Number of protein chains: 2
Amino acid sequence: MNMFIPANPYDMNCPSRDLLDLIGDKWSILIVCCLQQGPVRTGALMRQVGGISQKMLTQTLRELETNGFVERISYPEVPPRVEYRLTELGISFSALARTMEQWVIAHYEQILLHRDQAQGA
Amino acid sequence: MNMFIPANPYDMNCPSRDLLDLIGDKWSILIVCCLQQGPVRTGALMRQVGGISQKMLTQTLRELETNGFVERISYPEVPPRVEYRLTELGISFSALARTMEQWVIAHYEQILLHRDQAQGA
DNA sequence: CTGAATCCAAGAAGATACTG
DNA sequence: CAGTATCTTCTTGGATTCAG
């Protein structure tokens with residue numbers, strides 16, 4: 001049934017557009033990077049990713065789950081304990097996410113300086 | 001004057017957050033990839049990036065310009081002719097953008113399949 | 001052709017309150 | 001602790017129109 005239609009992000013109707021959105025999403029990137037060293041609990045994620053609301057955290061985790069990036073692990077305990085773990089696909093993506101993070105960190109100062117320049121001019 | 005405050009995307013108040021948004025932006029990525037082989041005219045970009053509105057094209061190009069990713073080249077002709085060209089920083093980013101594009105294309109099918117699975121379950 | 005400005009609808013995201 | 005639901009706010013982005 002699968003026609004092997006190749007992905008083409010330049011086509012506005014290609015589903016890969018959504019994927020591009022997902023992997024470019026700020027929260028996705030930060031969350032996935034947090035999960036690189038191993039499973040992390042919900043509350044810990046909340047604390048690590050500064051400023052994320054509980055809603056956006058859950059929502060992003062669900063999207064990552066739906067697309068096969070993370071696995072949700074629920075322990076039958078009281079109070080509840082839930083962890084999220086990268087899948088193989090998620091690990092693959094986390095490398096990219098980390099690259100993005102590093103790129104930003106590496107060029108941060110240069111870009112800020114250019115911005116100030118542009119403002120002054 | 002510069003204190004060399006390191007970038008920290010996990011801090012909601014760090015300007016690197018905005019950068020992360022910019023380099024993760026769908027339009028940014030597609031546009032920058034279009035510019036990889038050399039300067040491109042506005043109209044050509046419009047046609048290559050399927051579904052982008054004139055507003056978003058201009059807006060994204062301005063942001064890329066402000067942050068030092070692209071240069072705007074305006075020729076004194078009638079009718080007007082404008083080209084956009086990657087700066088050195090832009091070229092650096094374009095490598096990352098291309099990686100993102102390629103990652104999506106490479107994992108496209110696997111992710112779609114997982115989505116269907118999740119739906120069926 | 002390039003692009004700026006306006007208007008407006010749709011969607012994103014925060015805050016809050018509540019459940020298991 | 002983890003997650004859902006609702007409400008409200010406001011940003012995003014498209015369509016349109018006008019100008020150089």
Side-chain angles (χ1 to χ4, degrees), chain A residues 9-13 15 17-31 34-35 39-67 69-85 118, chain B residues 9-13 15 17-31 34-35 39-67 69-85 118:
Chain A
Y10 292 92
D11 174 6
M12 64 181 292
N13 295 126
R17 271 282 174 85
D18 304 334
L19 289 184
L20 208 51
D21 271 339
L22 180 64
I23 72 163
D25 180 71
K26 178 178 52 186
W27 301 133
S28 296
I29 295 169
L30 295 175
I31 290 173
C34 285
L35 299 179
V40 181
R41 296 188 59 169
T42 312
L45 282 175
M46 190 82 165
R47 268 171 270 118
Q48 286 180 53
V49 182
I52 195 171
S53 65
Q54 199 259 343
K55 179 185 175 184
M56 287 313 294
L57 178 60
T58 304
Q59 187 173 308
T60 306
L61 284 169
R62 291 292 166 276
E63 275 169 13
L64 291 172
E65 206 185 346
T66 302
N67 289 281
F69 289 71
V70 307
E71 241 174 0
R72 181 178 184 276
I73 311 160
S74 175
Y75 297 89
E77 302 175 4
V78 173
R81 179 164 136 245
V82 174
E83 287 184 347
Y84 292 92
R85 171 167 55 188
Chain B
Y10 292 92
D11 173 6
M12 63 182 294
N13 294 126
R17 271 283 174 86
D18 304 332
L19 289 185
L20 208 51
D21 271 338
L22 180 66
I23 73 163
D25 180 70
K26 178 178 50 184
W27 301 133
S28 296
I29 295 169
L30 295 176
I31 289 173
C34 284
L35 298 179
V40 180
R41 294 188 60 170
T42 313
L45 281 174
M46 191 84 167
R47 268 171 269 121
Q48 286 180 52
V49 181
I52 194 171
S53 66
Q54 193 261 331
K55 180 183 176 182
M56 287 313 294
L57 178 59
T58 303
Q59 187 173 306
T60 306
L61 283 169
R62 292 292 165 277
E63 275 170 11
L64 291 172
E65 208 186 343
T66 302
N67 290 280
F69 290 71
V70 306
E71 240 173 359
R72 182 177 184 274
I73 310 162
S74 175
Y75 296 89
E77 300 176 6
V78 174
R81 179 165 135 243
V82 174
E83 288 184 346
Y84 292 91
R85 171 169 54 191

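So that the names make sense, note that chain A is the first sequence line, chain B the second, and so on, each numbered from 1. The basis for the numbers below is simple: all heavy atoms, side chains too, and nothing from hydrogens, waters or symmetry mates. Please read these numbers as outputs of a predicted model, since none were measured by experiment.
- Heavy-atom distances to DNA chain C give each of A/Pro80 and A/Met56 a nearest nucleotide, and the one nearer the 5′ end belongs to A/Met56.
- Atom CZ in A/Arg41 sits roughly 10 Å away from atom P in D/dG3 (whole-Å rounding).
- B/Ile31 is listed as a side-chain neighbour of B/Ile52, based on a closest heavy-atom distance under 4.5 Å.
- Between its opening and closing five pairs, the helix from C/dC1-D/dG20 to C/dG20-D/dC1 changes axis direction by 40°, a value rounded to 10 degrees.
- Looking at heavy atoms from C-beta onward, B/Leu61 lies in side-chain contact with B/Leu45 at the 4.5 angstrom threshold.
- Residues A/Tyr84 and A/Thr42 form a side-chain contact, since some pair of their non-hydrogen atoms from C-beta on lies under 4.5 Å apart.
- Contact check for B/Val40 versus B/Gln48: side-chain heavy atoms found under the 4.5 Å cut-off.
- Remark: side-chain polar atoms of A/Asn67 are paired, donor with acceptor, to backbone N or O of A/Glu63 under 3.5 angstrom.
- In this structure, B/Ser28 and B/Leu64 have side chains that are in contact, with non-hydrogen atoms separated by less than 4.5 Å.
- Counting heavy atoms from C-beta on, the side chains of A/Leu30 and B/Leu20 come closer than 4.5 Å.
- The nearest pair of heavy atoms linking A/Arg17 to B/Val49 is NH2-CG1, 4.2 Å.
- Atom-to-atom distance recorded for A/Leu35:CG and A/Phe69:CZ is 12.5 Å, nearest 0.5 angstrom.
- The nearest whole Å value for the distance from the CZ atom in A/Arg72 to the P atom in D/dC1 is 16 Å.
- Of the listed nucleotides (D/dC1, D/dG13, D/dG3), D/dG3 has the atom at the smallest distance from the side chain of A/Gln54.
- When each of A/Arg47 and B/Trp27 is assigned the nucleotide of DNA chain D with its nearest heavy atom, A/Arg47 is the one assigned upstream, toward the 5' end.
- Here B/Tyr84 lies in heavy-atom contact (under 4.0 Å) with sugar-phosphate atoms only.
- Taking every heavy atom of residues 58-65 of chain B and every atom of DNA chain D, no pair lies under 4.0 Å.
- Rounded to an integer number of Å, the gap from CE of B/Met46 to C1' of D/dG14 is 11 Å.
- Using a 4.0 Å cutoff to heavy atoms of chain A, the contacted part of DNA chain C runs 5' to 3' from C/dA13 to C/dG20.
- Going from atom NZ of A/Lys55 over to atom P of D/dT6 covers 12 Å, rounded to whole Å.
- Note: CD1 (A/Ile52) to C1' (D/dA2) measures 14 Å, nearest angstrom.
- Enclosure of atom CZ in B/Arg62 by more than 12 non-hydrogen atoms of other residues, nucleotides or ligands within 6.0 angstrom is indicated.
- Remark: A/Ile73 CD1 to A/Glu83 CD distance equals 5.5 Å, nearest 0.5 Å.
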